[in-house]
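The structure appears right after this line, and notes come after that.
We name chains A, B, ... by the order of the sequence lines, and we start the count at 1 in each one.
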Amino acid sequence: MNPIITLTLQANLRYLRIASIMACNVAEIFADLACNATDIAEFCHAYELSVSEAFTNSVRYAEPSQPEKQVTIHFSSNNSTLAVSIIDTNPQFNPVTQAPDISCYPEGGYGLFLIHRLMDTVSYTRKDNTNILTMTKQATMVHEA
Amino acid sequence: MNISEKTVNHYTILSLQGILNASSAPTLRNYIAGLPEAQSLVIDLEKIEFLDSSGLGALVGIARKKKSSSAVMKLARMNDRVKKVFEITQAYTLFDIYDDVSAAAEA
Amino acid sequence: MIFHLDTTTPQPLGVVLLKKRIDSNNSSELQKAFTQWLQQTNNFVFDCAELDFIDSSGLGAIVSCLRKALEQHGDLKLAALGPKVAMIFELTKAKKLFSVFSDRSEAIQSFSTVSPK
Amino acid sequence: MKTLLVIREQESAWLLDQFPGIHPLLVPICNKPFIEFLVDFAILAGSEALRIVSDGGLRDVELYCANGSRWGVEISYGNINPADDTYTVIEKNRRFCLKERIMIISGFLFIRYDKKSDYTSLFASLQSGELLRCPHGSISLTGDAASVISPAGTLPFSLVALDSIGKYYELSMEILRSGLNKYVLPGYSSEADCYIGRNVIIPKSAEIQKPVIIGNNVQLLANTVIHANSVIGSNVIIDRDSVISGSIVMDNTYIGEHLEVENKIAAGNLLIDPESGSSIIMEDPHLLTAMTPSRVAGTLLRRVVHTFAATILILIQLLPWLLLRPIVGMQGKWKRKREPYYTALAGKNVTLTSTYIESNGSLSTLAKTLALDRFSLLFKVLSGELALIGNKPVRVNASIRLLPNRVAGYRPAVFSYAEAEDWPEFCIDTEIVEHYYAVHSNPMKDISMTQKAIFHRTYQNHCT
């Protein structure tokens with residue numbers, strides 16, 4: 001069986017670094033194991049950044065009335081692909097993928113766009129009042145000719 | 001995140017060190033808010049280990065404020081990881097980006 | 001497609017204004033209509049000034065029109081090919097089969113100067 | 001010395017309009033990406049480092065050139081603003097420009113040069129300042145010369161501003177006619193004025209006139225004519241009786257039957273007249289087509305036909321397999337290997353068990369003739385992971401640069417078209433045959449091709 005790693009954190013920015021470092025390290029170990037791994041540093045950075053963005057979003061949209069809200073980060077793998085899901089119980093959201101109009105100096109709204117650009121696949125599902133944002137990226141060498 | 005400050009010419013040079021994400025971005029915003037509004041800035045990013053979109057948002061916000069108060073804000077010494085975030089979001093179009101702090105602090 | 005019979009020429013001449021596009025959706029229409037027109041005359045000018053696009057089946061339809069006209073000892077001449085349509089005619093070597101004129105009146109004129117067979 | 005290459009988005013925007021999806025610096029000129037000409041020149045001039053700065057995105061250029069280790073030169077990237085003048089650009093890259101001679105190439109320029117000239121000592125001795133200028137840019141030098149010698153006569157290089165599709169075409173023709181030995185061009189050249197890439201199939205009835213440049217994986221079909229002054233890119237098929245003259249056929253293009261492409265640029269389903277600049281998008285796949293996987297990847301009908309045929313084959317093979325598999329296995333001639341292979345979808349792999357039967361006994365020869373080594377793979381057809389007939393699956397391999405599933409028409413299958421044809425006399429031809437069928441096959445034809453493939457197995461001399 002492929003290893004499954006689950007990390008549950010309180011929805012607080014205090015734990016943001018734990019989430020993203022965890023993602024970075026899981027990605028590094030995974031890429032190390034995968035044969036013909038791609039540029040490992042880049043692979044890890046993509047995970048570190050994407051999980052950072054997703055976790056930040058989960059914390060931002062958590063309702064302040066429920067301070068004990070939790071965010072679950074779930075890693076699983078399949079052959080050469082690593083998947084990570086960010087699961088929270090926030091209200092449903094619209095996973096926009098559009099790039100913000102940079103010329104207007106936007107201070108936010110880059111998060112999901114970045115995730116889409118960094119990852120191979122991104123999917124969003126709403127089930128039993130939970131949001132599940134799943135992202136995957138392949139660790140084997142991909143050359144763009 | 002650590003911020004160290006020095007002054008060269010009429011520029012305040014802020015050297016950032018560490019992580020610039022959603023939890024540390026307020027630190028940077030507050031620090032800048034403590035400086036005079038029309039103060040021109042050079043932000044040295046060489047020692048930034050990690051930047052995410054919240055960190056980028058903070059930088060963009062500072063750039064917008066400086067622009068409206070006719071002050072200058074420049075970025076210096078972006079490393080590859082920082083560059084990647086700028087490249088994807090095309091945020092490089094909003095900044096003057098230098099590979100050297102002293103060059104940025106002239107003119 | 002707008003067809004009218006020009007009787008100012010020594011022999012009646014079918015002038016057809018082709019519009020927008022001729023592709024696999026409407027090329028059979030052209031072929032069907034052409035058999036009708038053939039009963040009135042055997043000399044034609046296809047005015048392509050308003051033709052924007054043509055694909056291989058449209059081209060096939062026009063070539064088959066030409067063949068039918070030739071079989072009846074007539075001719076089919078083309079006028080006012082736009083740059084894009086002209087490119088397709090050149091690409092497919094179909095241009096060599098046709099007499100091509102830069103506008104409609106020149107094409108009509110050509111039927112008067114050359115005595116029909 | 002170092003070179004600073006300053007490219008502004010505005011200067012090259014027209015090229016992006018013509019060839020959307022390709023970064024202007026990566027647009028091929030005579031089958032070589034434009035940036036490589038500049039890199040070559042920078043190296044000839046003695047540069048150890050090259051920095052490409054732009055006010056637009058450089059992501060694709062960065063992916064292609066990476067850190068420059070491929071050329072033995074250090075390549076880095078930087079950002080500028082559209083309004084920056086040369087002074088500001090140098091200031092923004094002060095660390096890079098420090099204490100060195102810098103050649104600044106500014107503008108979307110092609111530099112005519114001759115690889116046989118000694119530019120290194122020339123650039124070391126040239127006085128700093130602007131060397132050449134044309135309406136769209138310039139080359140200048142900063143820093144002190146080792147020993148100033150004013151060059152005799154004119155400089156042995158000149159500038160061409162690339163500002164229209166007509167210029168692009170003219171430049172390509174100029175290189176073809178008179179510059180082939182001045183630049184480093186891809187492909188091998190057994191005779192002058194003729195560069196041919198890998199996996200190029202030229203039938204006896206085809207005619208090719210020099211000068212010509214042909215890329216990799218190119219298939220010319222019967223009676224095609226390539227007249228002088230043509231550039232054919234990679235992954236190109238030129239179908240029967242078509243004539244190409246004075247034209248540029250870009251990568252991944254299919255040119256249909258009986259066509260005449262004269263003084264044009266064909267790029268995918270786009271046909272451009274360089275003289276007028278007008279272009280048409282072909283909606284008609286019989287004429288020109290961009291070869292994209294979607295066009296050939298499993299349509300529903302094909303899927304159904306393949307599944308049906310695979311089921312029949314499984315039923316036919318089941319009994320022989322049950323009988324022969326244990327015996328041949330016991331003889332130790334049944335070898336299996338599980339490895340990952342590329343699928344038709346970019347970024348996805350499939351693990352397949354490939355079987356190899358040593359055919360040096362009567363039973364194992366029989367097993368091989370009955371194609372029992374493909375028996376287990378047939379089940380992958382039912383699950384939709386493989387096609388019945390298509391391309392030979394390509395093993396995941398880090399060292400190949402062109403991933404098959406990024407190339408048009410790759411459809412991994414139990415049997416390959418190449419096996420069905422007597423065509424491939426050498427293994428190298430396999431790809432071409434498969435490529436041809438990627439465009440020319442249909443589900444019904446697939447059935448007969450599968451029969452042929454199985455039939456051909458009785459001959460041992462095909463390549464595997």
| request: Evaluate the criterion side-chain contact (heavy atoms from CB on, under 4.5 Å) for residue pair B:Ile88 and A:Phe113; output intermediate values, then yes/no. | output: CA-CA 9 Å; B:Ile88 295 174; A:Phe113 169 67; 3.9 Å; yes
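- In terms of heavy-atom pairs under 4.5 Å with chain B, the best-connected choice from A:Arg117, A:Arg14, A:Glu48 is A:Glu48.
- Taking each heavy atom of A:Leu16 and B:Ser23 in turn, the nearest pair found is CD2-N, 3.9 Å.
- Residue A:Cys24: no heavy atom, backbone or side chain, is found under 4.5 Å from chain B.
- The nearest pair of heavy atoms linking A:Thr56 to B:Ala22 is CG2-CB, 3.3 Å.
- Between A:Ser52 and B:Asn21 the shortest heavy-atom distance is OG-CB, 4.4 Å.
- Between B:Val60 and A:Tyr110 there is a side-chain heavy-atom pair separated by less than 4.5 Å.
- The environment of A:Tyr61 atom OH is sparse: at most 12 non-hydrogen atoms of other residues, nucleotides or ligands sit within 6.0 angstrom.
- Within 6.0 Å of the CD atom in B:Glu5, the count of heavy atoms belonging to other residues, nucleotides or ligands exceeds 12.
- Nearest heavy atom pair, residue A:Tyr105 against residue B:Arg64, reads O-NH1, 3.2 Å.
- Ranked by heavy-atom pairs under 4.5 Å with chain A, the first of B:Gly57, B:Ser24, B:Gly61, B:Ser54 is B:Gly57.
- Across A:Leu118 and B:Lys84, no two heavy atoms sit closer than the pair CD2-CE, 3.8 Å.
- With a 4.5 Å cut-off on non-hydrogen atoms, B:Thr93 touches chain A through its side chain but not through its backbone.
- The part of B:Leu51 that comes within reach of chain A is its backbone (N, CA, C, O), which places non-hydrogen atoms under 4.5 angstrom from that chain.
- At a threshold of 4.5 Å between non-hydrogen side-chain atoms, the residues B:Arg81 and A:Leu49 do not count as touching.
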